[in-house]
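Single-structure report; data block below.
Just so we're clear, the structure is a prediction, and the values are computed from it rather than from any experiment.
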Amino acid sequence: MNARTEPQVLSQLSNHHLDALEEETIFILREVAATFERPTLLFSGGKDSLVMLRCAEKAFGAGRLPFPLLMIDTGHNFVEVTDFRDLRARELGAELIVRNVEDSMARGTVRLAHPGESRNVHQSVTLLEAIEEFRFDALIGGARRDEEKARAKERIFSHRDNFGQWQPKAQRPELWTLFNTRIAPGEHFRVFPISNWTELDVWQYIEREQIALPSIYYTHEREVVERRGLLVPVTELTPAREGEEIVLRDVRFRTVGDITCTCPVESTAASAADIVIETLAADVSERGATRMDDKTSDASMEKRKKEGYF
């Protein structure tokens, strides 16, 4: 890597496999539209959901999405991301449904252990309430198998029981790209069309398709503190603790989510091509490198998924 220039590396990096990944994703999106009565696409404004949105445009035509977009908002999201989410929905003429964890808190269905607790894990309650409100029978998500151990166990069509729970031992086989989508009343599916993509695939696709992203995905200066091996952004929600030194670093976000648990990485990558080069050298997944909520234990994500998390 050190002996080669970036253009040389990119010229030698094949992206022909992206056509097959795109074709698979389009096929799955069309299967969902043809099979389910009330599907929705989980849309956060992040890179993975934007990649899915590009594939959905190719599957159905611009401005003709056969399902609404749904976001569960913790109220602690980066404003750059929520603004971009609203912009893309308007550009597409798509219906955008936003449901807020704060409304669940007002109803008493979500109760924080203390005021500073991250709301990220509580999104599952608000999500299940939205599913009941709109009677969604399929939720299309941007999770990938390379992100985390529990997500590696996930099927593309992942069955949820009438409590919205995931049972990893009760997953249905998916041989020869045949999907068992039968559900009983009150049950639903989570569908993951980009399951087989990697972080590198996503960035190669973004670079090839010239997909616009929220600005925080690219290098920018930000005040951070080092904590538990992560760079924690200094904000009103995540202030520096006593004894911590605030430093100004060139950083970017590999994944975006709730401010209270999402950290940037040090980077000077200013374009998708730059990030492809960085991703080639990365030896930790984006969740492992940037998410404080996944640091609690190896089983934390699986536990949350069983309770209805994305």
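Checked by atom type and distance alone, the side chain of E117 pairs as donor or acceptor with a backbone atom of A113 at under 3.5 Å. Side chain of R172 to backbone of N180: a donor-acceptor contact under 3.5 angstrom is found. In this structure, the side chain of T82 engages the main chain of V79 through a donor-acceptor pair within 3.5 Å. No donor-acceptor distance shorter than 3.5 angstrom exists from the side chain of E174 to the backbone of R155, with no hydrogens or angles considered.
When the side chains of ILVMFWY residues are joined at heavy-atom separations under 4.5 Å, either directly or via intervening members, I26 and F192 end up in two distinct hydrophobic clusters. Clustering ILVMFWY residues whenever any of their side-chain heavy atoms sit less than 4.5 angstrom apart, transitively, puts I246 in the very cluster that holds V232. With hydrophobic clusters built from ILVMFWY side chains whose heavy atoms lie under 4.5 angstrom apart, L29 shares a cluster with L92. L200 and I206 fall within a single hydrophobic cluster, where Ile, Leu, Val, Met, Phe, Trp and Tyr are joined by side-chain heavy atoms under 4.5 Å apart, directly or via other members. Put simply, F134 and M71 are part of two different groups of oily side chains (I, L, V, M, F, W, Y) that touch within less than 4.5 Å, one to the next.
When ring centroids are compared, F67 and F60 come within the 6.0 Å threshold. Annotation: F78 is in aromatic contact with F253 [ring centroid separation under 6.0 Å].
At a threshold of 4.5 Å between non-hydrogen side-chain atoms, the residues V202 and D48 count as touching. Proximity of L41 to M52: side-chain heavy atoms (C-beta onward) are separated by under 4.5 Å at one or more points. Within the 4.5 Å cutoff, the side chain of L139 has no heavy atoms near those of the V191 side chain. Looking at P68 and F136, their side chains come closer than 4.5 Å, going by heavy atoms from C-beta outward.
Using a 4.0 Å cut-off between charged nitrogen and carboxylate oxygen, R208 and D201 do not count as a salt-bridge pair. Between R99 and E133, at least one side-chain N (NZ, or NE/NH1/NH2) sits under 4.0 Å from a carboxylate O, which counts as a salt bridge. Using a 4.0 Å cut-off between a side-chain N of Lys or Arg and a carboxylate O of Asp or Glu, R249 and E266 qualify as a salt bridge. The existence of a salt bridge linking R160 and E154 is confirmed by a sub-4.0 Å separation between a basic side-chain nitrogen and an acidic carboxylate oxygen. Ion pair R254/E199 flagged as a salt bridge, since at least one NZ, NE, NH1 or NH2 atom sits closer than 4.0 Å to an Asp/Glu carboxylate oxygen. With respect to E22 and R54, no salt bridge is recorded, no charged nitrogen being found less than 4.0 Å from a carboxylate O. A salt bridge is defined here as a Lys NZ or Arg NE, NH1 or NH2 lying under 4.0 Å from an Asp or Glu carboxylate O, and R85 with D73 meets this definition. In this structure, R88 pairs ionically with E57, as a charged nitrogen and a carboxylate oxygen lie closer than 4.0 Å.
Atoms CG and CD, from L213 and E80 in turn, are 13.0 Å apart once rounded to the nearest 0.5 Å.
In summary, the side chains of D258 and T260 do present a donor paired with an acceptor at a separation below 3.5 Å, with no hydrogens or angles considered. Under the 3.5 Å distance criterion, with hydrogens and angles disregarded, a donor-acceptor pair is assigned to the side chains of H159 and E187.
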Original post:
Between T219 and T268, is a side chain to side chain donor-acceptor pair (under 3.5 Å) present by the stated rule, with each step listed?
Top reply: CA-CA 5 Å; T219 186; T268 58; 5.8 Å; no
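Counting all heavy atoms, side chain and backbone alike, V81 lies closest to I216 at CG2-CD1, 3.7 Å. Closest heavy-atom contact between T74 and R119: O-NH1, 2.8 Å.
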